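Please read all numbers here as calculations on a predicted model, not as lab measurements. Numbers restart at 1 for each chain; the letters A, B, ... are given by sequence-line order, proteins then strands.
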Amino acid sequence: MGQHIGAYGVQDTLRSGFSSVKNELLPSHALELSEKNFQLNQDKMNFSTLRNIQGLHAPLKLQMEYRAARQIQRLPFLQSSHLALDTLKGNDESISFEDILNDPAQSEMVGEPHIMVEYKLGLM
Amino acid sequence: MATLSVCQPQLGGFSFENCKRNAVLEAEVTKLGCNIPAARKTGTTICGVVFKDGLVLGADTRATEGMIVADKNCSKIHYISPNIYCCGAGTAADTEMTTQIISSNLELHSLSTSRLPRVATANRMLKQMLFRYQGHIGAALVLGGVDCNGPHLYSIYPHGSTDKLPYVTMGSGSLAAMAVFEDRYKQDMEEEDAKRLVRDAIAAGIFNDLGSGSNIDLCVITKGRVDYLRPHDMANKKGVRTGNYKYKQGTTGVLTKSVIKLDLEVVEETVQTMDTS
């Protein structure tokens, strides 16, 4: 639920609701920030280790493959299986809380299809 | 609200949406003097010991919810893989879910390597997960198993530190159990001696710690064989009443007896066939 900076660099009330300084300054739980960035940090760590061991080409090739696999998706408001991306990252051989709790396929809210596609295509 | 879901992709895993609300509620409730409900813990005695050909894991069977016993006979020795078992102390849900997740991951891993899983793998997976959540997952575990390198016993703390030792105890009754171990542990014991030692250690925890009680469960793991003895020993049996408060026949004297026959006539008779196919 982060801030969405809209036009003129001001907080976009229409898109992200009313703002409150207290709400935005402190995270509501000690783990909130670390969990939000966990996957990114893991990837960064793995790529830098790979670069140190095998040279710059290794993370570059992998990231290119990830970017290609990330594009194999359905339209934004539908659930995609991310099968290719998961296989590349090795997530098909492990189970963690992301698979058990808060499954996005079971979420109660579904996005507005037109707005989501416009946002993805950058027409918003 | 629909516009919010446009910007961020939906992610699985823990959601921290209600944390601020819960903090406010807790402050309000303590101002009124009430308590928020406590999570169910397993104030526990769990222990493990390595003997000559394998290892013995032991646990009591009481689960508490604050000052009340929530479950008199809960199972604290969880299955991880055919050759690895794990005892759990701390918050009951956390130990249950953590051991189930690690068991699934270990199964997938062993299918992918087509080998029997090793205890060190389970240990590494558990410690990495618990460290990721910085101790907020309250699971203190005793992990033991026999793999291709022999018997291994680990103790894992909620913040993610682990120790590899020949005998370990965890839980609120760990000091009582450790006292028994420190007195009587010897290297390369026989299986019966090891079982008796673990039984005595758990009994010490049960009788000297309020958070542990009821029965003693044991799990003996050797190469190719697992004996899950539940219950191994019922240390706290409910007492049997010594006196009988029922009156004997003839205690009360009979003065008069009168029998009134009720005349019942058959009004209606219906037969309902049952479909027994």
Portion of [X] that has a non-hydrogen atom of chain B nearer than 4.5 angstrom:
X        : value
A/Glu35  : side chain
A/Ala30  : side chain
A/Ile100 : side chain
A/Phe38  : side chain

Quiz item: Mind checking whether B/Phe14 and B/Tyr133 have ring centres under 6.0 Å apart?
Solution: yes
Quiz item: Any salt bridge between B/Asp217 and B/Lys76, counting N to O under 4.0 Å?
Solution: no
Quiz item: So, A/Asn102 side chain and B/Gly13 main chain: donor-acceptor pair closer than 3.5 Å or not?
Solution: yes
Quiz prompt | Side chains of B/Asp147 and B/His152, donor plus acceptor under 3.5 Å | solution =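 Side chains of B/Asp147 and B/His152: pair found under 3.5 Å.
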Quiz item: Side chains of B/Lys72 and B/Ser214: donor-acceptor distance under 3.5 Å anywhere?
Solution: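 No.
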Quiz item: Between B/Ser212 and B/Asp209, is a side-chain hydrogen bond (donor to acceptor under 3.5 Å, both in side chains) present by the stated rule, with each step listed?
Solution: CA-CA 6 Å; B/Ser212 320; B/Asp209 174 46; 2.8 Å; yes
Quiz item: Which one of B/Arg132, B/Met129, B/His136 has the most heavy-atom pairs closer than 4.5 Å to chain A?
Solution: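 Of the candidates given, the most pairs with chain A belong to B/Arg132.
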Quiz item: Crowded around B/Lys164 NZ? As in, over 12 foreign heavy atoms under 6.0 Å?
Solution: yes
Quiz item: In terms of heavy-atom pairs under 4.5 Å with chain B, which of A/Asp99, A/Asp92, A/Ile95 leads?
Solution: A/Ile95
Quiz item: How are the rings of B/Tyr228 and B/Tyr85 set relative to one another: parallel (under 30°), tilted (30 to 60°) or perpendicular (over 60°)?
Solution: tilted
Quiz item: Mind checking which of residues 99-126 of chain B sit less than 4.5 Å from chain A, heavy atom to heavy atom?
Solution: B/Ile101, B/Ser104, B/Asn105, B/Leu108, B/Ser112
Exercise. To the nearest 0.5 Å, tell me how far B/Ile202 CD1 sits from B/Asn215 CG.
Key: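 B/Ile202 atom CD1 to B/Asn215 atom CG measures 12.0 Å (nearest 0.5 Å).
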